[in-house]
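Let me begin by presenting the structure, written as structure tokens, before commenting on it.
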Amino acid sequence: MNVFSHFEGIILDAVTQLQSEGVMSPDMVWKGVSVETPRDESHGDISTNVAMVLARFAKMKPRDLAQKVAEKLESHSDIDKVDIAGPGFINLTIGKAFWLQIIPLILDAPTKYGRSEAGRGQKVNLEFVSANPTGPMHVGHCRGAIFGDALARLLEFAGYDVTREYYINDAGNQVNVLARSAYLRYCEAAGQSIEIPEGLYPGDYLKPVGQALFEKYGDNYLGKDEAEWLALFKDFSIDAMMDMIRDDLKALDISFDVYFSERSLIQGEKDVVRATITELQERGIVYEGTLPPPKGKLLEDWDEREQTLFRSTDYGDDVDRALVKSDGSYTYFASDMAYHRDKFDRGFGQMIDVWGADHSGYIKRMKAAVKALSDDKGTLDVKIVQLVNLFRDGQPLKMSKRAGTFVTLREVVDEVGKDVVRFMMLYRKNDAALDFDFAKVVENKRENPVYYVQYTHARTQSVLHRKLPEMMPDMTFDPQNLDSVDLGLLTDEAEIAVIKCLAQYPKTVESAALMHEPHRIAFYLNDLASNFNSLYNKGTDIPHLRFISGDNKQLTAARLAMVAATAAVISSGLQILGVEPVDEM
RNA sequence: GGUCUCGUAGCUCAGCUGGAUAGAGCAACGGACUUCUAAUCCGUAGGUCGAAGGUUCGAAUCCUUCCGAGAUCACCA
């Protein structure tokens, strides 16, 4: 149950009653009404602006309408107190009994609590990573990969039907470069001494590929023309690179439902890119024309020429975009258009792309493309993940591909662990740059939210499974069976604060999913952990507040139920983030 | 120069897509360990939400213009 939609329903009922009494106009539109937790605790548990937003439909002053609504709400059994404040806010104080029922709600189905129907089973296509198949994943890919994966988990949890998709850029020139680089390594494996020229990939990771090629083909292609081996070596190398990338992703617990090949769009029976362009030409959205030179930026080699252009300016872009290169092959954008058309045709009305910051200039044209291709029926949300700046002990790590000093994703995971990388990458808004310090993220301090949240979970497990049998051997506690447990014994304000926090979880999940912002889950967990630790420590100061109250089984059972509920929600939230809820630290 | 993102406490960042007196962690200062895990907690102090206008009952949030940081800029991917 979502507390906020629950009370929104109650408030709506009250307003509907006013409608039938003629106080509220039948034309009333329920829009802009907020039901939320007020910042200030003295304003109660739930606050609504309903009277201010709907005042015009009742032709009353906000405070007068608030009075009318309040009269209806006062009698409701879940509500203890109704106050009218400020310009017309209605503040509700919720009865304790209402909060307490959250606990059995969680414990009856711990993995279900917080799930929502917000997605209504809608199909969502989530494309992320899509790193070129030319080498191992490096840290730059890491954030987008983790963000995309967490967003996928979040959307699934919120009731969407998510397809995780990886677009393999296997059609451009860079895979020819890959094939040539692999060929050199093949020659090397055959015993020749090689020199890697500028422009080819020098990385050692191609050595095993060359070795494997040599084992497979012997010296068949030594000294032969590129035309004889290029296609063959290209396929082989791309497969090898994708295997490597899949392995890297696995280290982060990331996998995909669909690996979509760019080449498949132009190979085989039909050229889907051509078909897309032709269709748009017929609709007048693609034309032959010339582009003006870029504004403000001087290009010496600007070459005005006629080309095939997509009329993206009709759909909100700044300039029209080229679809065919001067050598006759398609631009990356052309195949990407065809790709997104394919997604839409596969039934994905909602598409989400996760890109690095260096692609942000590409958003407008891609959105324009989706608009044109889907006749404005499909939506595309592009999430940009900003750069990750690496540090070690406060010193920035300079990376250079040429100098071979770039850090791979695998190295990061090996050094600090999957959970740390994942949590840290998610403990920030996706569109803000992030500093990642190898030394700091493994420090065991309060400022490190990964350990803080995991530690809190470990604490709950310690209380439930180690200390209870030790301290109260004759007591059994089954979180699945609370029939004989009197939760009313939970009376301390710190206890209620934890429960209120638990009640926020469904709403947090829902808004995070709606906004495509998984970081909200990470911040929520930090907050929940803080509430719990606060209560925990209150018990060290005031012994009768401890969870395990040696002489009182009833009280202990009530408190353990709350501890178990907290554990369940932490565990649930961590699973959305793809982080392990550890039992011991 | 165009476009996009960002600018909130000394530092790192949240702020629930317009709500009431703007929050947390770190750092500073003062406290709590014969403990249910101190990898924790309590308290004090700390702000012109980059600046100026505008929109309205109400703005850190929306619009405009500036300032500053980063990314990107025909035919790469």
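Here is how names work: the chains are called A, B, and so on, in the same order as the sequence lines, proteins then strands, and each is numbered from 1. Keep in mind the model is a prediction, meaning the values are calculated, not measured.
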Just how far is it from atom CG of L489(A) to atom CG of L555(A), taken to the nearest 0.5 Å? 5.5 Å
When rounded to the nearest Å, what value does the distance between C1' atoms of C29(B) and G46(B) take? 12 Å
Between the side chains of D474(A) and K553(A), is the shortest nitrogen-to-carboxylate-oxygen separation below 4.0 Å, so that they form an ion pair? yes
Residue matched to A71(B) through Watson-Crick or wobble contacts both under 3.5 angstrom: U3(B)
Is the ring centre of Y536(A) under 5.5 Å from the base ring centre of C36(B), and are the two planes under 30° apart, so that they stack? yes
Answer yes or no on whether R311(A) is positioned over the face of Y287(A), meaning its NZ or CZ is under 6.0 Å from the six-membered ring centre and within 45° of the axis. yes
Need to verify one output field. Residue with the more 5' nearest nucleotide on RNA chain B, F547(A) or R305(A)? F547(A)
OP1, OP2 of U37(B) versus side-chain N and O of R459(A): anything below 4.0 Å? no
Should U40(B) form a Watson-Crick or G-U wobble pair with both distances under 3.5 Å, which nucleotide is its partner? A32(B)
Watson-Crick or G-U wobble partner for U48(B), using a 3.5 Å limit on both distances? none
May I ask you to check whether F260(A) and Y166(A) place their ring centres under 6.0 Å from each other? no
Spacing of the C1' atoms in A9(B) and U3(B) (rounded, Å): 33 Å
Review item, nucleotides 4-7 of chain B N/O atoms under 3.5 Å of protein N/O:
unit_1 : atom_1 : unit_2  : atom_2 : d
U5(B)  : O2'    : D431(A) : O      : 2.9

Value in whole Å for how far the P atom of A77(B) lies from CD1 of I238(A): 14 Å
Return no unless some side-chain N or O of K325(A) is found under 4.0 Å from OP1 or OP2 of C76(B). yes
Between E517(A) and R520(A), is there a salt bridge with N-O shorter than 4.0 Å? yes
When the distance from CZ of R546(A) to C1' of U37(B) is rounded to whole Å, what number comes out? 13 Å
Looking at U55(B), which nucleotide sits across from it as a Watson-Crick or G-U wobble partner, both distances under 3.5 angstrom, or is there none? none
Given the structure, check if the side chain of S47(A) and the base of A20(B) hold any donor-acceptor pair shorter than 3.5 Å. yes
Between D318(A) and K364(A) (salt bridge meaning N to carboxylate O under 4.0 Å), is one present in this structure? yes
Under 4.0 Å between a side-chain N or O of S462(A) and OP1 or OP2 of U37(B)? yes
Sticking with atom C1', work out how far G31(B) lies from C66(B), rounded to a whole angstrom. 48 Å
D492(A) vs K538(A), salt bridge (charged side-chain N to carboxylate O under 4.0 Å, His left out): CA-CA, chis, key distance, verdict: CA-CA 10 Å; D492(A) 191 81; K538(A) 218 170 165 180; 2.9 Å; yes
Atom CD of E288(A): over 12 foreign heavy atoms under 6.0 Å: yes
With a 4.0 Å cut-off on N to O distance, would you call D45(A) and K500(A) a salt bridge? yes
Within the stacking criterion (centroid distance below 5.5 Å, interplanar angle below 30°), does F523(A) stack on A14(B)? no
Under 4.0 Å between any heavy atoms, over every strand shown, what does N169(A) touch: base, sugar-phosphate, or nothing? Just pick one. sugar-phosphate
Test for a donor-acceptor pair under 3.5 Å between the base of A14(B) and the side chain of H519(A), counting only N and O atoms. no
The Watson-Crick or G-U wobble partner of G23(B), with both key distances under 3.5 Å, is C13(B)
Nucleotide A39(B), atom C1' - distance to CG of N526(A) in whole Å: 13 Å
No-H, no-angle donor-acceptor pair, N91(A) side chain to A20(B) base, under 3.5 Å: yes
Let me know, please, whether N173(A) or T37(A) comes out on the 5' side of the other along RNA chain B by nearest nucleotide. T37(A)
Using the C1' atom as the reference point in each nucleotide, state the distance between A52(B) and U48(B) in Å, no decimals. 13 Å
Give me, pair by pair, the N or O atoms of the protein and of nucleotides 31-33 of chain B that are less than 3.5 Å apart, along with how far apart they are.
unit_1 : atom_1 : unit_2  : atom_2 : d
A32(B) : O2'    : D541(A) : OD1    : 3.4

Distance, rounded to the nearest Å, where Y451(A) contributes OH and U37(B) contributes C1': 16 Å
Using 4.0 Å as the upper bound for N to carboxylate O, is an ion pair formed by K68(A) and D64(A)? no
Salt bridge K467(A)-E470(A), side-chain N to carboxylate O under 4.0 Å: yes
